[in-house]
Amino acid sequence: MPLHLYNTLSGKVEEFAPSQDNTVRMYACGPTVYDYGHIGNFRTFVAVDILRRFLRQSGHKLQHVMNITDVDDKIIRNAARDKKTVQEYTRKYEEAFLEDMGSLNLERPERLVRATEHIPAMAEFIAALEKKGFAYRTEDGSYYFRIAMFPEYGKLSKKDFGGMETGARVDVDEYEKDNARDFALWKSPKEGEAFWESSIGPGRPGWHIECSVMSMKYLGDSFDLHAGGEDLTFPHHENEIAQSEALTGKIFSRHWMHVRFLLVEGEKMSKSAGNFFTLRDLLVKGHKPSSIRFLLTSVPYRKQLNFTMAGLEQAAKSVERLRTFAARMRMMRLPAGTNPAAQEAAAKARREMRAGMEDDLNTAYASAAVFDMVREMNTLADHGELREGDKAPSLEVLELFDEIFAVMKDDDADKMKAAMEWAREHGLVGEAAKTISDEEVNRLIEERNAAKKARDFARSDALRKQLADGGIVLEDTKDGTRWKRK
RNA sequence: GGCGCGGUACCCAAGUGGUAAGGGAGAGGUCUGCAAAACCUUUAUGCGUCGGUUCGAUUCCGACCCGCGCCUCCA
């Protein structure tokens, strides 16, 4: 079974496959770097990451382009306010974004491209549109796209713009435009704000043109998939289609994927509602990046996800269950051989996980398949029915799972520590709690085991308490002591 | 108003025309020096409400109620 994905353009779930070379050419709208990324941004980026990881697991090659929008009205305004260049202003947020991607185990797209480095190409693109009659220049030197020339306008967002004709009398509030719906391709310079010189005059690019130009430059006139948050469907993506298809006469992107917004504590996230969280806010508050990633993946991308602190706790426990199981499998000493029941449990999990992902990236179903296996293996292990040869297949299932979900590796502590250091540098928090090094942990565990052996339980419990105070949780098993960071 | 999505146990959530996955939480139990982990049992005759189609509907159709999103360069 191949992957089936919902396509906003057709409004249906369709089989998805790259059109050439087994390489998926995809473009995802990236961040506008005017601030730190928030949890809503990251739901979209995590969903795209899940897609790309699953495509690769399915044997496809990837050519994934993501833009960094480092020029827009807000950036230009803020940069002017702070008396900085646009580049100075955006660079720190761009770096922060890349760091945040790392925290959430988001893979780097094959290409990350900055809008400001493609301005000449944008100007040329606009000039070509003007030549074909799809764009016009207004008196102040701005350029607009003439929607009336593109009858398919609205096909992505399913909006009806019928009856809009060139010169038709509409309620125009911006008198310079031919039609109120015409959108800006290029904006003439404003007093005191940054602008670029170009072949079509001075100014700055509109938002939509950036994505058309960069996607086509690196992926060709037509490519396989374009993704973004649901709010981008209209007008952003609709406008990209109009610009690109007007120019080339070819299909722009064959497939459109839109990720639904998340809610925070049941409400739309907004600064005024007090439920606005950047990724950094959460890390500094002590939430693990793996919990955040797991919560973000736990609800399929087309469903609204209610992001709550309780949900974060639950996600943390779910991840812990999987990690504990993996550790148990690795440590357990078992008799040689295999158990057919265990072999089948692993095979089934593998099948079901794949089936779930192929069904429009049903991450909830896929992870349920893994949890099913975990329970069955644990039961067999408890009953002494697991064999040495059963470990590898179950660990392989976890590896396949983690190629996509990427939450198994316990590197949360390091990432959180980095976030705390950042927060401290920015005066957002006081001193971080002391952490115990791995070496120290192992030394204390040895000391405790010696105490246990001597049946000095008071001493051993004191040592465990000491470790617990440092956030280290111990588990004694017959094959030795396991530990993890809380 | 236009377009669209959703309402499943205490919470999150999958799913199907034939009788409710998974995770978390709660309760009881097993194991263990204690703990942790793990396992077992248990928690929806019920899937927003009311009708209809059907041998049979949570799943299809209709109406209604509730929540939410986009339509404002907010992912």
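If you're wondering where the values come from, they're calculated on a predicted model, not measured in any experiment. Letters A, B, ... mirror the listed sequences (proteins, then strands); counts begin at 1.
In this structure, R464(A) does not reach the rC34(B) phosphate: none of its side-chain N or O atoms is under 4.0 Å from OP1 or OP2. Remark: T379(A) is in phosphate contact with rC40(B), judged by side-chain N or O atoms under 4.0 Å from OP1 or OP2. Of the side-chain N and O atoms in K268(A), one or more sit less than 4.0 angstrom from OP1 or OP2 of rC70(B). Residue N41(A) has a polar side-chain atom (N or O) positioned under 4.0 Å from OP1 or OP2 of rA75(B).
Base contact: S460(A) has a heavy atom under 4.0 Å from a base atom. As judged by a 4.0 angstrom heavy-atom cut-off over every strand, L262(A) is placed among the base-contacting residues. When heavy atoms are screened at a 4.0 angstrom cut-off, G40(A) is found touching base atoms of the nucleic acid. Residue-level contact check: N239(A) touches neither bases nor backbone, having no heavy atom under 4.0 Å from any strand. Note on H208(A): nothing from the nucleic acid sits closer than 4.0 angstrom, heavy atoms only. Within 4.0 Å of D231(A), counting heavy atoms only, lies at least one base atom of the nucleic acid.
The shortest side-chain heavy-atom distance between N67(A) and C211(A) falls under the 4.5 Å cut-off.
As the counterpart of rG28(B), rC40(B) is assigned, both hydrogen-bonding distances of the Watson-Crick or G-U wobble pattern falling under 3.5 Å. When both pairing distances are held under 3.5 Å, rA57(B) makes no Watson-Crick or G-U pair with any nucleotide shown. Base pairing of rA35(B): no nucleotide in any strand meets the Watson-Crick or G-U wobble criterion (both distances under 3.5 Å). Judged by Watson-Crick or G-U wobble contacts below 3.5 Å, the nucleotide rC70(B) has rG2(B) as its partner. Under the Watson-Crick and G-U wobble criteria, each requiring two contacts below 3.5 Å, nucleotide rG62(B) is paired to rC50(B). In this structure rA21(B) sits in no base pair that meets the Watson-Crick or G-U test at under 3.5 Å.
You won't find any donor-acceptor pair under 3.5 Å spanning the side chain of N306(A) and the base of rC12(B), going by distance alone.
In this structure, R302(A) satisfies the cation-pi test against Y6(A), with its NZ or CZ atom closer than 6.0 Å to the six-membered ring centre and inside 45 degrees of the ring normal.
Residues F307(A) and F42(A) keep their aromatic ring centres 6.0 Å or farther apart.
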Each nucleotide N or O in nucleotides 24-29 of chain B that has a protein N or O under 3.5 Å away: list the pair and distance.
residue, atom, partner, partner atom, Å
rA25(B), OP1, K317(A), NZ, 3.0

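Contacts between residues 297-304 of chain A and RNA chain B, defined by a heavy-atom separation below 4.0 Å, involve V299(A), P300(A), K303(A), Q304(A), listed by number. A heavy atom closer than 4.0 Å to some atom of RNA chain B occurs in no member of residues 396-410 of chain A.
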